[in-house]
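To start, I am sharing the structure in question, which I have written as structure tokens.
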Amino acid sequence: MMSNATLSIGGTNVEMPVLSGSIGPDVVDIRKLYAQTGAFTFDPGFMSTASCESSITYIDGDEGVLLHRGYPIGQLAEQSSFLEVCYLLLNGDLPRQDEYANFTRTITRHTMVHEQLSTFYRGFRRDAHPMAVMCGVVGALSAFYHDSTDIADPEQRRIASHRLIAKMPTIAAMAYKYSVGQPFIYPDNRLSYSGNFLKMTFGVPAEEYEVNPAIERAMDRIFILHADHEQNASTSTVRLAGSSGANPFACIAAGIACLWGPAHGGANEAALNMLREIGRPERIPEYLARAKDKNDPFRLMGFGHRVYKNYDPRATVMQQTLREVFEALKINDPVFEVALQLEEMALNDPYFIEKKLFPNVDFYSGVILSAVGFPTEMFTVLFALARTVGWVAQWNEMISDPAQKIGRPRQLYTGPTQRDYVPLNQR
Ligand code: CMC
């Protein structure tokens, strides 16, 4: 049932509709507030603002629930595959067998990149951060694939979406290969999405590359866990960039740029660095004390989340995946013990309990990726690879909405009021 909220402002009462979604908190529809009152709302960081309507992903941060098109992330991570989750995010339902086969074939067919794109990499220094390379190369895709940049054409949007999902592993692996001075490896379409990525990253032309099934499965699961996450900073960036009508390749490059920040996708790199710095369990209390000290900017990386005020359900799967990878590779790294003990001590510490700070997806992912052989600089690249489908699905949802408008927030202006220009020689 639709209800109204009443706001009293400057002696006038304004009625605003309260809208309900299928689940989750109601929203107060303030779209007419400015027209009716001349006032804006003020919500930096979007703490109380729903920026759009969406039917893709649902998060209940208090309960630690994450659903993609209604399916719990734990079930998808356990039973599905990354490409199936891609189909689900893009199309709204799980595919039938023929639909899944067609989708897999289509994505597989698009895995190669234009040969000239490889020369693009050589413009970067060898020691460039691979995320810098990703921002540049993905942005450059619009110069190579003109035939899928007309956003008004649903077929072109579909092709661009498939191209982005299919080419991202190739582009990411090439960024890695360039940084280590090894030749680029072409995609091998006999392999799975994740197996192919592992081969393009760790294979060399001089040797046969055998995909380790346990690592392939772990990689696929990590991709699933990062596939989408509602209106996070990078997704909102993609939507905002796309709202002006920018082409999808440019929008995804904008998302990659946003993801790079340490408070977002860069956190797994920061979390692993922190765990390595801690080094041994005896030093954990020292770091916990620093995280709690208001005068110390240090934060426990991989802990806390804007939305989750409970255990991040992705962290649960990550911890399990970490065990599997360590077992498959017979790794005995003290960093795992540090991570487990740090988690336990933080979860029992009044500061973290009171502020509802729990491990997030990034707490364990860095340890896994490092065990698989990725250097830390590649972690955010892998996040970008997996999140591409989420960005693309959200971008498509926005563009196909007939009510879509350019995103244009307003502000609370606190600068100087109007004043007259004084010529330079009189100042
Ligand atoms: N360690 C210590 N204290 C923390 C931490 C932390 N990791 N996270 C939050 N707090 C404290 C913070 O100091 C603040 O205390 P007070 O109320 O006394 O000022 C309170 O908890 C609330 O923090 P906030 O910064 O206002 O919360 P936010 O919602 O703006 O920030 C966050 C969320 C993820 C940026 C933050 O928790 C953080 O910096 N965590 C570490 C970085 C990290 O792991 N990021 C990955 C996020 S998950 C992956 C993704 O979605 O990209």
Side-chain angles (χ1 to χ4, degrees), residues 43-49 56-62 64-66 68 73 131 222-238 254-275 277-278 284-319 339 342-343 345-369 376 379-391 394:
D43 188 17
F46 301 101
M47 303 291 287
S48 295
T49 297
I56 301 175
T57 291
Y58 173 74
I59 302 172
D60 182 336
D62 293 327
V65 169
L66 168 60
H68 290 319
I73 189 67
M131 281 299 274
I222 290 173
F223 290 160
I224 292 174
L225 294 177
H226 287 90
D228 191 45
H229 211 226
E230 206 227 55
Q231 308 311 322
N232 57 86
S234 58
T235 301
S236 298
T237 301
V238 170
I256 294 174
C258 177
L259 186 74
W260 194 358
H264 193 5
N268 54 9
E269 182 173 340
L272 178 69
N273 289 340
M274 176 192 75
L275 293 170
E277 194 183 306
I278 297 175
I284 294 173
E286 180 195 325
Y287 282 81
L288 282 180
R290 284 189 60 196
K292 294 190 281 186
D293 181 356
K294 278 274 154 267
N295 299 316
D296 189 333
F298 174 78
R299 283 188 168 199
L300 216 52
M301 299 314 286
F303 256 77
H305 198 274
R306 170 60 62 80
V307 181
Y308 292 116
K309 302 302 170 198
N310 200 326
Y311 212 98
D312 180 341
R314 302 168 301 172
T316 318
V317 185
M318 275 300 178
Q319 199 199 74
L342 177 59
E343 176 188 330
M345 287 170 81
L347 290 179
N348 287 304
D349 187 300
Y351 173 94
F352 292 88
I353 295 171
E354 189 204 315
K355 295 189 189 304
K356 299 189 172 155
L357 299 169
F358 291 83
N360 61 48
V361 68
D362 293 317
F363 189 64
Y364 288 106
S365 62
V367 184
I368 304 176
L369 296 174
T376 48
F379 294 177
T380 321
V381 174
L382 300 177
F383 192 159
L385 187 171
R387 183 56 57 86
T388 295
V389 63
W391 291 331
Q394 302 263 356

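As the structure lists them, so they are numbered: ligands from 1, and atoms in each ligand from 1. Excluded from the calculations below are hydrogen atoms, water molecules and symmetry mates; all remaining heavy atoms, backbone and side chain alike, are included. Worth saying up front: this structure is predicted, and the values here are computed from it rather than measured.
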Problem set entry | Within 6.0 angstrom of Tyr351 OH, more than 12 heavy atoms from elsewhere | yes
Exercise. Do the two ring centres, one from Phe298 and one from Tyr287, sit under 6.0 Å apart?
Worked result: yes
For this session: Could I get the full list of salt bridge (Lys or Arg N to Asp or Glu O under 4.0 Å) partners for Asp60, not counting sequence neighbours?
Result: none
Seminar exercise, completed: Applying ring-ring contact (aromatic ring centres under 6.0 Å, His included) to Tyr311 and not counting sequence neighbours gives none
Exercise. Taking only residues two or more places apart in sequence, or in another chain, which ones meet Phe363 in a ring-ring contact (aromatic ring centres under 6.0 Å, His included)?
Worked result: Phe303
Taking a 3.5 Å cut-off between nitrogen or oxygen atoms, can you list every pair linking ligand 1 to the protein, with distances?
{"from": "ligand 1", "atom 1": "1 (N)", "to": "Leu300", "atom 2": "N", "distance (Å)": "3.0"}
{"from": "ligand 1", "atom 1": "3 (N)", "to": "Tyr351", "atom 2": "OH", "distance (Å)": "3.0"}
{"from": "ligand 1", "atom 1": "7 (N)", "to": "Leu300", "atom 2": "O", "distance (Å)": "2.7"}
{"from": "ligand 1", "atom 1": "7 (N)", "to": "Phe303", "atom 2": "O", "distance (Å)": "2.9"}
{"from": "ligand 1", "atom 1": "13 (O)", "to": "Arg299", "atom 2": "NH2", "distance (Å)": "3.3"}
{"from": "ligand 1", "atom 1": "18 (O)", "to": "Lys294", "atom 2": "NZ", "distance (Å)": "3.1"}
{"from": "ligand 1", "atom 1": "18 (O)", "to": "Lys355", "atom 2": "NZ", "distance (Å)": "2.8"}
{"from": "ligand 1", "atom 1": "25 (O)", "to": "Arg299", "atom 2": "NH1", "distance (Å)": "2.9"}
{"from": "ligand 1", "atom 1": "25 (O)", "to": "Arg299", "atom 2": "NH2", "distance (Å)": "2.9"}
{"from": "ligand 1", "atom 1": "29 (O)", "to": "Arg306", "atom 2": "NE", "distance (Å)": "2.7"}
{"from": "ligand 1", "atom 1": "30 (O)", "to": "Arg306", "atom 2": "NH2", "distance (Å)": "2.9"}
{"from": "ligand 1", "atom 1": "39 (O)", "to": "Arg299", "atom 2": "NH1", "distance (Å)": "2.9"}
{"from": "ligand 1", "atom 1": "40 (N)", "to": "Phe303", "atom 2": "O", "distance (Å)": "3.0"}
{"from": "ligand 1", "atom 1": "44 (O)", "to": "Gly302", "atom 2": "N", "distance (Å)": "2.8"}
{"from": "ligand 1", "atom 1": "44 (O)", "to": "Asn360", "atom 2": "ND2", "distance (Å)": "3.0"}
{"from": "ligand 1", "atom 1": "52 (O)", "to": "His264", "atom 2": "O", "distance (Å)": "3.2"}
{"from": "ligand 1", "atom 1": "52 (O)", "to": "His264", "atom 2": "ND1", "distance (Å)": "2.5"}

For this session: Quick one: do Val361 and His226 satisfy side chain to side chain contact (heavy atoms under 4.5 Å, CB included)? Show the steps, please.
Result: CA-CA 8 Å; Val361 68; His226 287 90; 3.8 Å; yes
